[in-house]
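Indexing begins at 1, ligand by ligand and atom by atom, following the structure's order.
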Amino acid sequence: MKTQVAIVGSGPAGLLLGALLHKAGIDHVILEQRSKDYVLSRIRAGVLEQGSGEMLDELGIGARMHAEGLVHDGIELCFRGRRHRIDLHGLTAAATGTGKSVMVYGQTEVTKDLMEAREAWGLTTVYEAEDVAISGWDATAPTISYRKDGRQHQLACEYVAGCDGFHGVSRETVADRIRTYERVYPFGWLGVLSETPPVSHELIYANHERGFALCSMRSPTRSRYYVQCSLEDKVEQWSDQRFWDELRSRLDEKAADTLVTGASIEKSIAPLRSFVAEPLRFGRLFLAGDAAHIVPPTGAKGLNLAVSDVRYLSRALIERYRTGEESALDGYSARALRRVWKAVRFSWWMTSMMHRFPDTGEFGQKIQESELDYLTHSTPAAMSLAENYVGLPFED
Ligand code: APR
Ligand code: PHB
């Protein structure tokens, strides 16, 4: 098999890149290690920056997002037992002249819409491609080998996009040339999905002496809640009852009283990490999305960063095929990383402000509350939070 761009991984980064290249008439193939059902069963975050939603619109696949997604003009910060609203739309309007919002629409739904579009467009995705190995990326003719149904295959291509997530093969392929930056946080998030109405119509991020809590949602009848937990905790130690009691104890009185509880549909613990690999280009191999960087979920930037990487990468590839010049591809890494680092900083900052850290004690708690007090009473400080939360502008 032969193609112009081989994409490794069919998460949001790979699927979006494929759609953008297809619209520009560039031939590509996606190789995915897992089955389609497996990819669609992964539960991930659910907040799209306005610019991410606009990309789905540009691709002509935003209809279900507009029908089923929930536009949020604000978020709530809860501390010292009280909730304070951050008016995302009003603050960004005052700061930049254009009010912006976010869209609450699950990553799983975005993935589903992109997969259905691929099928309608007749594009090739090889699922259950095992032992993917990338060679020739440092020369002019990369080749990808993989095994499918017990048989060995080769895919010849001109460029490779490594969109295969944190545990993928692409970053591993260039491990000896890469520089990495990492912070591992000393706690995790225990998440619960339940068929219950959300406690509030906007997201609540709560700072509490017992630890962070987040009230999010997937629809008017389906909620997604998280509590900060210990990395040693096991899901089996958290009965539904224990989870609801803990969540309630970290919220303001009104939210605690109105919280509707029910059986959990899904319950899992995720560690928190900030990680960046540099650079993002190695000859004819490019990294994008989780393959290149990880952010803690506070602020929901993971999926949105994958969107911004592939936006820059697709533009650079389109320029290359239009002009024959590689200058735009040469600029991809630095350009994408500038936006990545800003989101890494924002996610680290929100994480630092909202969680209980084992070593900072009561002093740390007081500093966090003071910062939250400042944020919720200073318009310039709130503007900065709002500008980052809805998504910083793209460079082009
Ligand atoms: N060969 C082929 N495919 C692979 C390989 C491999 N060796 N390793 C991993 N993959 C696939 C995974 O099965 C997965 O479907 O690559 C895909 C990577 O998808 P994601 O992990 O979703 O990463 P990305 O597309 O960059 O999306 C970023 O997803 O992980 C969340 O929080 C993250 O929201 C962010 C978004
Ligand atoms: C989610 O709905 O899963 C979610 C929302 C906001 C975050 C993180 C996760 O900051």
Side-chain angles (χ1 to χ4, degrees), residues 6-18 29-49 52 70 72 75 102-108 110-111 114-115 125-134 144-148 155 160-173 189 191-193 198 202-205 212-219 222-226 266 268 270 272-273 275 287-310 313 340 343 346-347 350-351 354 389:
I7 301 176
V8 186
S10 80
L15 290 166
L16 267 172
L17 180 63
V29 168
I30 297 185
L31 300 177
E32 164 61 49
Q33 179 182 49
R34 304 285 190 166
S35 69
K36 184 177 173 184
D37 287 346
Y38 182 92
V39 174
L40 281 174
S41 68
R42 287 193 294 233
I43 295 175
R44 298 255 173 91
V47 178
L48 296 180
E49 291 174 357
S52 301
L70 308 167
H72 281 203
I75 55 169
V102 292
M103 176 75 83
V104 173
Y105 189 58
Q107 181 175 315
T108 315
V110 175
T111 307
L114 282 161
M115 284 182 168
T125 310
V126 181
Y127 291 104
E128 295 173 87
E130 295 169 70
D131 296 337
V132 167
I134 307 163
I144 304 197
S145 65
Y146 62 97
R147 199 155 41 82
K148 166 89 182 161
L155 173 62
V160 181
C163 300
D164 46 353
F166 188 60
H167 302 287
V169 66
S170 301
R171 197 179 67 254
E172 188 56 40
T173 302
W189 276 20
V192 157
L193 189 67
E202 291 182 336
L203 270 60
I204 306 174
Y205 288 87
F212 170 73
L214 169 61
C215 305
S216 182
M217 64 195 74
R218 291 291 174 272
S219 76
R222 186 173 274 209
S223 298
R224 180 74 169 152
Y225 295 108
Y226 300 92
E266 193 260 1
S268 55
L272 273 71
R273 173 198 305 267
F275 172 90
L287 302 180
D290 274 19
H293 41 73
I294 295 287
V295 288
T298 334
K301 289 293 169 217
L303 168 61
N304 294 297
L305 275 188
V307 172
S308 82
D309 285 356
V310 299
L313 182 55
V340 165
F346 177 68
S347 311
M350 265 196 91
T351 302
M354 300 306 299
Y389 195 91

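- At under 3.5 Å, a nitrogen or oxygen of Arg218, whether backbone or side chain, sits near a nitrogen or oxygen of ligand 2.
- Here the heavy atom of the protein found nearest to atom 10 (O) of ligand 2 is Tyr205 OH, 2.7 Å.
- Around atom CD of Glu172, no more than 12 heavy atoms belonging to other residues, nucleotides or ligands sit under 6.0 Å away.
- The single protein non-hydrogen atom nearest to atom 8 (C) of ligand 2 is Pro297 O, 3.3 Å, given as residue, atom name and distance.
- When heavy-atom distances to ligand 2 are checked against a 4.0 Å cut-off, Ser216 comes that close only through its side chain, counted from C-beta outward.
- Ligand 2 has an N or O atom lying under 3.5 Å from an N or O atom of Gly299, backbone or side chain.
- Within ligand 2, counting atoms from 1 as listed, the ones closer than 4.0 Å to a heavy atom of Gly46 are 1 (C), 2 (O), 3 (O).
- Contact of the Leu70 side chain with the His72 side chain is registered, since non-hydrogen atoms from C-beta on lie closer than 4.5 Å.
- Counting all heavy atoms, side chain and backbone alike, Thr108 lies closest to Arg44 at OG1-N, 4.3 Å.
- By the salt bridge (Lys or Arg N to Asp or Glu O under 4.0 Å) test, Glu128 is found to be paired with no residue, residues two or more places apart in sequence or in another chain being considered.
- A distance-only check finds no donor-acceptor pair linking the side chain of Asp290 to the backbone of Phe166 [under 3.5 Å].
- At a heavy-atom cutoff of 4.0 Å, ligand 2 is contacted by the side chain of Leu203 but not by its backbone.
- Atoms of ligand 2 lying under 4.0 Å from at least one heavy atom of Val47, given by number and element, are 5 (C), 6 (C).
- Residues Met217 and Leu203 form a side-chain contact, since some pair of their non-hydrogen atoms from C-beta on lies under 4.5 Å apart.
- Counting all heavy atoms, side chain and backbone alike, Gln107 lies closest to Pro12 at NE2-CG, 3.4 Å.
- For the pair Ala300 and ligand 2, the shortest N or O to N or O distance falls below 3.5 Å.
- By the 4.5 Å heavy-atom criterion applied to side chains, Ser10 and Tyr127 are counted as neighbours.
- The shortest N or O to N or O distance between Trp189 and ligand 2 is not below 3.5 Å.
- Asp131 contributes no side-chain N or O that, together with a main-chain N or O of Arg147, makes up a donor-acceptor pair within less than 3.5 Å.
- Ranking the protein heavy atoms by distance from atom 3 (O) of ligand 2 puts Tyr226 OH, 2.6 Å first.
- At a heavy-atom cutoff of 4.0 Å, ligand 1 is surrounded by Val8, Gly9, Ser10, Gly11, Pro12, Ala13, Leu31, Glu32, Gln33, Arg34, Val39, Arg42, Arg44, Gln107, Val132, Cys163, Asp164, Gly165, Gly168, Val169, Gly289, Asp290, Gly302, Leu303, Ala306.
- Residue Phe212 comes nearest to Trp189 through the heavy atom pair CE2-CZ2, 3.1 Å, listed as atom of the first residue, atom of the second, then distance.
- Considering backbone and side-chain atoms together, Met217 places no N or O closer than 3.5 Å to any N or O of ligand 2.
- Between the side chain of Lys301 and the backbone N or O of Ile294, no donor-acceptor pair lies under 3.5 Å.
- Contact annotation: the side chain of Asp164 never approaches that of Gln33 to less than 4.5 Å [non-hydrogen atoms, C-beta and beyond].
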